[in-house]
Amino acid sequence: FKIMPGIPVFSSIPDVRLQRILRPGGQTGERIVSRIIKTKVIGQEKYYTMPKSAEALNELLQINQINQCFLVGYSLGGRLGLYLTIHYPKYFYKVLLESASPGLKKEKERQQRIKQDYQLAAELESTDFSFFLNKWYSNALFESFKKHPDFNQVIQKRLTNHPTELAKSLKNISTGL
């Protein structure tokens, strides 16, 4: 199996029931590999906060009668995964978090990060999304990922995201908060 952002995982392992829960605005996924549960926030922007997002995911686990599961979270999803693990530990018998941060200790750093995340969210809301993604992936952090043979496929999937919804998630689950 391959582990790359947006590329199917565990597709060759029998007896694994994989459900991807996409944050509001998140991309569509591989329906052959997993059952995709797309989320949508109904109501005001306050429902995008960490506690409300975790509460909604907790309810989703209950509705789907999932008593325990293996939680995988990457980046902002990893940050939410950390929150879920702390506040709803009975649901997760194993947790894998990649590039996730619990937050920042110093107030000055938090304020700076909030400002950066709000600027990024504003760019998401006002810029052509294709242009935004090209700029995002020009970051040196993604240099090796851009050489991956499935990179263009991943970009096509990313283009199915909803930038306004992603911006709301970013503003309300910022590492600065």
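Keep in mind that the numbers below use all heavy atoms, side chains included, and drop hydrogens, waters and symmetry copies.
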* Greater than 12 external heavy atoms within 6.0 Å of Lys115's NZ -> no
* Structure fact -> Interatomic distance, SG@Cys69 vs CG@Leu84, rounded to 0.5 Å, equals 9.0 Å
* Relative to the ring of Phe145, is the ring of His148 parallel (under 30°), tilted (30 to 60°) or perpendicular (over 60°)? -> tilted
* To do: Without swapping roles, check the side chain of Ser75 against the backbone of Gly77 for a donor-acceptor pair under 3.5 Å.
  => no
* Do any N or O atoms from the side chain of Asn161 and from the backbone of Pro163 form a donor-acceptor pair under 3.5 angstrom? -> no
* Does a side-chain heavy-atom distance below 4.5 Å link Glu123 with Lys135? -> yes
* Keeping the roles fixed (side chain from Asp128, backbone from Phe131), state whether a donor-acceptor pair exists under 3.5 Å. => yes
* Asked: Which distance, rounded to the nearest 0.5 Å, do you find between the CG of Asn172 and the NZ of Lys52?
  -> 12.5 Å
* Asked: So, Tyr137 versus Phe151, ring centres under 6.0 angstrom or not?
  -> yes
* Asked: If you take all heavy atoms of Leu170 and Asp117, which pair is closest and at what distance?
  -> CD2-O, 3.4 Å
* Check: Thr127 side chain, Phe129 main-chain N or O, donor-acceptor pair, under 3.5 Å -> no
* Structure fact -> What one should report as the nearest heavy-atom pair of Gly78 and Leu97 is O-CD2, 3.7 Å
* When hydrophobic residues are tied together by side-chain contacts of less than 4.5 Å, even through go-betweens, does Val154 share a cluster with Leu133? -> yes
* **Closest non-hydrogen atom pair between Ala54 and Leu80, with its separation** => N-CD1, 4.0 Å
* Asked: Are Thr85 and Leu71 close enough, and set up right, to give a side chain to side chain contact (heavy atoms under 4.5 Å, CB included), and what steps lead you there?
  -> CA-CA 9 Å; Thr85 303; Leu71 173 67; 3.7 Å; yes
* ring pair (Phe, Tyr, Trp, His ring centres under 6.0 Å) between Phe70 and Phe92, worked out -> CA-CA 6 Å; Phe70 186 95; Phe92 311 107; 9.9 Å; no
* Any salt bridge (charged side-chain N to carboxylate O under 4.0 Å, His left out) pairs touching residues 79-108, not counting sequence neighbours? -> Glu107-Arg110
* To do: Can you measure from CG (Asn134) to NZ (Lys146) and round to the nearest 0.5 angstrom?
  => 8.5 Å
* **ILVMFWY network linking Val95 to Tyr83, side-chain heavy atoms under 4.5 angstrom** => yes
* Less than 4.0 Å between a side-chain N and a carboxylate O, is that true for Glu125 and Lys171? -> yes
* Asked: For the atom pair OG (Ser99) and OH (Tyr74), what is the distance rounded to the nearest 0.5 Å?
  -> 5.0 Å
* CZ of Arg158 to OG of Ser130: how many Å apart, nearest 0.5 Å? -> 13.5 Å
* **Between Tyr91 and Asn58, a side-chain donor and acceptor under 3.5 Å** => yes
* Evaluate the side-chain proximity of Phe132 to Leu120: yes if any heavy-atom separation is below 4.5 Å, no if none is. => yes
* Linked, directly or transitively: Tyr118 and Met50 (ILVMFWY side chains, under 4.5 Å) -> no
* Structure fact -> Rounded to the nearest 0.5 Å, the CD atom of Glu165 sits from the CG atom of Leu124 at a distance of 11.5 Å
* To do: Report whether Ile63 and Leu61 are members of the same hydrophobic cluster (ILVMFWY, side-chain heavy atoms less than 4.5 Å apart, transitive linking).
  => no
* Under a 4.5 Å side-chain heavy-atom rule over Ile, Leu, Val, Met, Phe, Trp and Tyr, are Ile86 and Leu60 clustered together? -> yes
